[in-house]
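Accompanying notes for the structure given below.
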Amino acid sequence: MNSIYVTQPFLPPLEEFHEYLKDIWESKWLTNNGKYHQELEKAMCEYLGVKFISLFSNGTLALVTALQALRITGEVITTPFSFVATTHALWWNNIKPVFVDIEQSKFNINPEKIEAAITPQTTAILPVHVYGNPCNVERIKAIADTYNLRVIYDACHTFGVRVNDVPVLNFGDLSVMSFHATKVYNTFEGGAIVCHDEATKKRIDNLKNFGFADETTVVAPGINAKMNEIQAAMGLLQLKYVDESIAKRKKIAACYRNQLKDLEGMAFLEDMPGVNHCYSYFPVLVDKLKFRKTRDEVYEDLKTYNIFGRRYFYPLISNFPIYRGLPSARLENLPVAKMISDEVLCLPIFPDLEEKMVKKICDILKKYQKSDIA
Ligand SMILES: Cc1ncc(COP(=O)(O)O)c(C=O)c1O
């Protein structure tokens, strides 16, 4: 069996990309707010239903810049259950992460635990819409309003997700996206910050371009995080196909759910009411007592069939040596995150994954249980 990885990037027809490449070669405009960069910003605002977007070379630099744009300092409340770049963005800004436990139902930061973590040094909350499932944005907004905190969402798993037809990107002061190759929508590497007013967009645009406000004025120690024309051209093409990709992912998720629904000891998330999901991941939880195999055993066994799931997110960010000395990183502070991190396995999901392969993966999972019984 050919290897099947947790994801496989969607690529548009090469001939269509050639047209863009020819044009870029002729224009010799490769980066620095070129034609395709400008077109993509406009098209993205329309597609996503947001007012302003600044494109970036990747999501990590977008996160680092988002914190700078709002001049966030001191302590920031965040989740340990994410990709490590979420917390690294704080580290790069000399900000102390304060980890708060997650909700068992959705794996996002638990809003009911946020207030207890606020100190006089807290300036912001950095939640993550994990696997694209929206955080409890209303509750987080209420807390932020009460304590005068800023909210920056890590929306790197979230593409086109809407709650009751409202784009989830419109919540919080800023939302940060990733268009990395492994994401639902990719520009090879890429990212963006969504904001709600022109002045903030200008500040972000300055920061991603060394701090230049014009040819001779540097207003901040900015970085180089500009998206180039090849990435932007890819982004324009991908927009044509992303609805189809998400529809295919939705079918795969439905197939997994149907196949796994009676499997004792293996749980998965259902769609949330009123939410248009993007199906960026298909996480399952392996309950070692009921499934009679540990998550790691399942992960290793699947590899023997050339199926490569991923343990997103294990270990917890708070377990890495850089962060584990923080008081909020203590495991007794994060029991739900620890449990989910020990049980979670993301199964392969990508638009070109055939239904028969999904069934094969599920048959293997079912077989483990049968063989254990025998
Ligand atoms: C939750 C989360 N935050 C941040 C990032 C960083 O994005 P990038 O890889 O585009 O730098 C990623 C993914 O890679 C992610 O999954």
Side-chain angles (χ1 to χ4, degrees), residues 5-10 40 44 53-68 76-93 95 97 99-100 102 106-109 124-135 151-159 161 168-169 172 174-194 204 207-208 223-228 230-232 234-235 238 249 277-283 309-318 320 322-323 337 340-341 344 346 349-350:
Y5 297 99
V6 71
T7 193
Q8 183 186 83
F10 172 79
L40 184 58
M44 287 280 243
I53 196 162
S54 291
L55 298 173
F56 274 73
S57 50
N58 61 62
T60 304
L61 286 171
L63 274 170
V64 170
T65 305
L67 292 158
Q68 297 206 347
V76 168
I77 291 171
T78 190
T79 170
F81 191 73
S82 180
F83 184 59
V84 70
T86 310
T87 309
H88 280 354
L90 298 171
W91 190 93
W92 279 99
N93 279 296
I95 293 165
F99 296 111
V100 160
I102 61 173
K106 273 191 304 182
F107 315 154
N108 290 331
I109 193 165
I125 309 170
L126 176 60
V128 183
H129 302 296
V130 177
Y131 309 131
N133 291 322
C135 292
V151 180
I152 299 176
Y153 280 105
D154 180 330
C156 286
H157 297 175
T158 315
F159 196 86
V161 173
V168 78
L169 295 169
L174 302 174
S175 288
V176 176
M177 308 178 77
S178 166
F179 311 139
H180 183 257
T182 52
K183 302 294 190 270
V184 167
Y185 167 95
N186 85 79
T187 58
F188 305 123
E189 295 262 6
I193 302 178
V194 168
I204 292 166
L207 284 170
K208 76 176 184 188
I223 199 145
N224 179 4
K226 295 173 267 105
M227 179 179 275
N228 67 46
I230 304 216
Q231 289 172 293
M234 183 63 162
Q238 292 278 16
R249 286 172 174 274
H277 289 274
C278 66
Y279 306 95
S280 36
Y281 299 87
F282 193 83
R310 288 295 296 266
R311 292 168 291 182
Y312 299 139
F313 292 98
Y314 168 83
L316 292 174
I317 302 175
S318 46
F320 289 122
I322 329 154
Y323 304 116
I340 303 294
S341 175
V344 74
C346 287
I349 186 166
F350 49 87

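Numbering of ligands and ligand atoms starts at 1, following listing order. The shown structure was predicted, so the numbers you read here are calculated from the model rather than taken from an experiment.
- Each of the following atoms of ligand 1 lies closer than 4.0 Å to a heavy atom of Gly190: 10 (O).
- Among Phe320, Tyr323, Phe83, the single residue meeting the ring pair (Phe, Tyr, Trp, His ring centres under 6.0 Å) criterion with His88 is Tyr323.
- The heavy-atom pair separating Val184 from Cys278 by the smallest distance is CG2-O, 3.7 Å.
- Atom 3 (N) of ligand 1 has its closest protein heavy atom at Asp154 OD2, 2.7 Å.
- Counting heavy atoms under 4.0 Å from ligand 1, residue Glu189 does not touch it at all.
- Side-chain contact of Asn108 with His129: a donor-acceptor pair under 3.5 Å is absent, judged by distance alone.
- Residue Ser82 approaches ligand 1 through these ligand atoms, each under 4.0 Å from one of its heavy atoms: 1 (C).
- Scanning the protein for heavy atoms near atom 12 (C) of ligand 1, the closest one is Phe83 CD2, 3.5 Å.
- Contacts between Thr60 and ligand 1, counted as non-hydrogen atom pairs separated by less than 4.0 Å, involve both the backbone and the side chain.
- A pairwise comparison of heavy atoms in Tyr279 and Ile349 identifies O-CD1, 3.8 Å as the closest pair.
- Rounding to the nearest 0.5 Å places OG1 of Thr65 at 4.0 Å from CZ of Phe56.
- Of the protein's non-hydrogen atoms, the one nearest atom 4 (C) of ligand 1 is Cys156 SG, 3.5 Å.
- The minimum heavy-atom distance linking Ile152 with Val176 is given by the pair CG2-CG2, 4.1 Å.
- Taking the ring-ring contact (aromatic ring centres under 6.0 Å, His included) definition, one finds that Phe179 meets it with Tyr185, sequence neighbours left out.
- Comparing His88, His180, Lys183 against atom 9 (O) of ligand 1, the shortest heavy-atom distance belongs to His180.
- Ranking protein heavy atoms by distance to atom 16 (O) of ligand 1, first place goes to His157 NE2, 2.8 Å.
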